[in-house]
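As structure tokens, the structure follows; a few thoughts come after it.
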Amino acid sequence: MKKILYFILISWIPIFSFSQEEIEIYVSYKGAAENPGTIMKPVKNLQQAISLVKKNKNKTHTIYLFEGSYYSPESIEIKNLSNITIRPYQDDEVIITGGMEILKNRTRFVKGTPHEKKFKQEAVPYIRMFDLKELGISDYGKLMPHGFGRHISSPAMELFINQEACQLARWPNDSTVQIKNVIDEGSIPRHRDDSNRGGIFTYQEDHISSWTNEQNIWLKGFFSNGFSENAIQVKNIDAETKRISTIHPCHYGFKSTGIQRYYAYNILQELDTENEYYIDRGNEILFFYTQDRIEKIQASINATSLFVIEDSKNIKIQNLIFENSRSNGIYITGSDNCELYYCTFRNLGAYGIWMGKLFVQHHKKIQDNFFLGKENKNWLTENPFSLDAGKNNSIKYCKIYNTGAGGIYLSGGNRKDLTKGNNIVENCHIHHFARFEKSYRPGIYIQGVGNRISNCHIHHTAQAAILLKGNEHIIEYNDIHDVCLDVNDSGAIYYGRDPSELGNIIRYNYFHHIGNETNNNLDADLIASIYHDDGACGMEVYGNIFHKPGNQAILIGGGNDNHIYNNFFVDCKISIFADDRLMNWGAHLLQKDSTIAKKLNLIHFSSPPYSEQYPNLPNYFTDHVGVPKRNVVEKNIFCNYEYLFGANGKDALEWKEDNIYMSATPHLWTTKQHDRSFIPDPMDMVHPPNWRHIILKKIGIQKDYTKHR
């Protein structure tokens, strides 16, 4: 009440001095739909507040939310509106949630019930259950295949205990097992085989034979190579022959060469460890295991994005928490000058923020088993140039973690005419993401033309920190570490297979402790900090620090016109790896109907604006095609490396004489893993002429001197 009286007093003068074009609307979960939205009579939820905005479209609105958790089972939509600010009232904590809270007194132990016999005896004392039907929960979602080569699939209903995402009961609990032998690879969508035939392989663990009476078992893992994780449903387990048959195929088929590994989940009898759960769909009961003190139980109900901003302008969302949707936190399309500021996105099923359209709407439910192979065909015919993200949008000082897929999908601009989007992600902390889908679900996916990622801290994920597509993007001053932790043949920043994606800049970033060092060896794993894959061209890489950057700091896979200069490499197995793959095993990528040829022809690579912006591009197929050229390495410092360059790198690189080489780590270098304070200033060492300073204090999240609440 003191807050309300104080606000009324300080607002008395502005009532007379401010233009009546500015309207304030108040929201409280204790409000009512029929209220006018004043501070004393607030409406009950955001959608009601937005309905009031629609009555005065031409005016500027600020929507204030009082402290509380606002449950939204469907998307909150802002469409064809402008000049709206949404924020908490004063310093109130406001949560927008797609999850229903389950009170502890609505749960009970399974011990002493007919369900007790379904579980391992030692687990029974810690298993609780609640009746979904009694709580009015009827939509549990559907378990679907997901992973490499498929669109993002929103997970089925998830359980969260004490703000931690729980795991569908799995085996093994904290490890994986290997395929023994492959009997049938199944159909291979990567080879344009759309017959959708599952595979057959054998197992060696006797424990798996005990599941023959279980229903709806799923497998998740790397079934063919080390970068393409898939989740697929079991069709049959033959305990006599120790064979598993699957309903769904994997993008590259099934292999048994030694790196394949998987675990099984959604198995009732495997409910035996902390924060596992299982939904008995036939009996409409959810079982979960926990020995910890229960403070809060939530189930994700909303199967769409919590917030949708479409065809709108000047929308500002500040200091809100978005959680527990099965899909994205916020979906933005066709909108300009929107700002997300100091928001938190956690425990979501897909991405924290999705900016721009795809060929299926990611704020709506996703169809089962939709392969990217089919998307690629559409990409070549439907809308290849612009994802209609809008322009001049910004995401600043946001926190994103525990998302099912990635952190932010950032797009904008038009590749047809190289119009820039000028959308930015700045000073965001993105970590522990891709818990549900691991393959190609990065912290930030940057797409389109002329967008920027600056001063972000990205860490702890199975695969990439940043995936890149498009032109003229800038990635700068980011602190990236502990990524590519559970994959092979991947990069912290990755792009490739389109030589027209030119003009991108990666500068003044700190890459360190990339990959899993226990697996990072030269013979088996291919992990790089910057991965120019399969003919990627035309990137500037300068002013970066590479410290323990994977087994290759930079990989250039047969591309041209990459300029690597003014970087500091320290403790590298291979500093720069380069090859001529397009002249040998990758030559198929240059054939008439290949991916590269189609992408170049699609953007009319020999005509303006591409021919004017990138003078070497029109000669791509006539200037010794496939031979890597004009990859310049100059003015770098290489310190304590095992190999300066790898493969046939010297032939693929123009290695200048002004690089500096040091055999030992500088004595100022710290042994503390993530401490940046002792990185030596190259001005204190021998350094190349015209060296550009790498200013460490500018790297990573910066203090916000303009912060206001």
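Bear in mind the structure is a predicted one, so any value in this text is a computation, not a measurement.
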Rounded to the nearest 0.5 Å, what's the gap from [atom1] on [X] to [atom2] on [Y]? Could you check?
| X | Y | atom1 | atom2 | result |
| --- | --- | --- | --- | --- |
| F223 | N225 | CZ | CG | 12.0 Å |
| I317 | I86 | CD1 | CD1 | 5.0 Å |
| E323 | T403 | CD | OG1 | 13.5 Å |
| C484 | Y494 | SG | OH | 11.5 Å |
| S500 | I596 | OG | CD1 | 10.0 Å |
| N393 | N423 | CG | CG | 4.5 Å |

Next item on the list: Give the C-alpha distance, both sets of side-chain angles, the deciding distance and a yes or no for salt bridge (Lys or Arg N to Asp or Glu O under 4.0 Å) between E310 and K79.
Entry: CA-CA 5 Å; E310 188 172 340; K79 294 185 177 181; 3.8 Å; yes

Give a yes or no on whether the backbone of [Y] and the side-chain of [X] come within a donor-acceptor separation of less than 3.5 Å.
| X | Y | value |
| --- | --- | --- |
| K416 | N414 | no |
| Y397 | Q702 | yes |
| N544 | F568 | no |
| Q552 | F577 | no |
| N392 | D336 | no |
| S386 | D388 | yes |
| N328 | Y351 | yes |
| N504 | G470 | yes |
| D479 | I701 | no |
| N567 | V541 | yes |

Check for me whether the distance between the ring centres of [X] and [Y] falls short of 6.0 Å.
| X | Y | answer |
| --- | --- | --- |
| Y401 | F345 | no |
| F148 | Y440 | yes |
| H459 | H513 | no |
| F227 | Y252 | yes |

Between [X] and [Y], do the side chains contain an N or O donor and an N or O acceptor separated by less than 3.5 Å?
| X | Y | answer |
| --- | --- | --- |
| S490 | Q463 | yes |
| N509 | N478 | yes |
| T344 | R346 | no |
| D561 | N616 | yes |

Next item on the list: List the steps and the verdict of side chain to side chain contact (heavy atoms under 4.5 Å, CB included) for Y342 and K399.
Entry: CA-CA 7 Å; Y342 271 99; K399 298 178 181 178; over 6 Å; no

Item checked: Evaluation steps, side chain to side chain contact (heavy atoms under 4.5 Å, CB included), between I330 and S305 -> CA-CA 6 Å; I330 294 181; S305 296; over 6 Å; no

Got [X] and [Y] here, is their nearest side-chain heavy-atom distance under 4.5 Å?
| X | Y | value |
| --- | --- | --- |
| N560 | Y620 | yes |
| H532 | N562 | yes |
| L617 | L502 | yes |
| M355 | I395 | yes |
| I453 | L410 | yes |
| I466 | P442 | no |
| Y508 | R692 | yes |
| L81 | I50 | yes |

Next item on the list: Only counting residues at least two apart or in another chain, list the ones meeting side chain to side chain contact (heavy atoms under 4.5 Å, CB included) with S195.
Entry: S187, D193, R197

So, [X] and [Y], do they make that salt bridge, N to O below 4.0 Å?
| X | Y | answer |
| --- | --- | --- |
| E476 | R507 | yes |
| K469 | E501 | yes |
| D533 | R497 | no |
| E437 | R150 | no |

Item checked: ring pair (Phe, Tyr, Trp, His ring centres under 6.0 Å) assessment of Y542 paired with H563 -> CA-CA 8 Å; Y542 66 87; H563 192 187; 8.4 Å; no

Notebook entry, point to check: How are the rings of F569 and F546 set relative to one another: parallel (under 30°), tilted (30 to 60°) or perpendicular (over 60°)?
Noted result: parallel

Margin query: Are more than 12 heavy atoms, taken from residues, nucleotides or ligands other than K316, located less than 6.0 Å from that residue's NZ atom?
Written below: no

Notebook entry, point to check: Do other residues, nucleotides or ligands put more than 12 heavy atoms under 6.0 Å from K635 NZ?
Noted result: yes

Next item on the list: Apply salt bridge (Lys or Arg N to Asp or Glu O under 4.0 Å) to D486 and K438, showing your working.
Entry: CA-CA 9 Å; D486 192 28; K438 299 184 185 299; 5.0 Å; no

Item checked: Working for salt bridge (Lys or Arg N to Asp or Glu O under 4.0 Å), residues R630 and D623 -> CA-CA 12 Å; R630 298 182 298 275; D623 182 13; 3.3 Å; yes

Checklist line | Step-by-step side-chain hydrogen bond (donor to acceptor under 3.5 Å, both in side chains) determination, T304 to S327 | finding: CA-CA 5 Å; T304 63; S327 185; over 6 Å; no

Note to self: Using the rule given for side chain to side chain contact (heavy atoms under 4.5 Å, CB included), can you reason through W655 versus I576, listing the C-alpha separation, both sets of side-chain angles and the distance that settles it, and then say yes or no?
What the structure shows: CA-CA 11 Å; W655 203 282; I576 301 175; 4.2 Å; yes

Next item on the list: Test side chain to side chain contact (heavy atoms under 4.5 Å, CB included) on I505 and M539 and set out the steps.
Entry: CA-CA 6 Å; I505 296 174; M539 179 179 282; over 6 Å; no

Check: With Y409, which of L387, I353, L467 fulfils side chain to side chain contact (heavy atoms under 4.5 Å, CB included)?
Finding: L387

Check: Do you know which of H432, H431, H481 makes ring-ring contact (aromatic ring centres under 6.0 Å, His included) with H457?
Finding: H481

What side-chain donor-acceptor pairs closer than 3.5 Å can you find for residues 605-613, not counting sequence neighbours?
from: Y610; atom 1: OH; to: R415; atom 2: O; distance (Å): 2.5
from: S611; atom 1: OG; to: S607; atom 2: O; distance (Å): 3.4
from: Q613; atom 1: NE2; to: E472; atom 2: OE2; distance (Å): 3.3

Item checked: Partner residues of K220 under the side chain to side chain donor-acceptor pair (under 3.5 Å) criterion, sequence neighbours left out -> H146

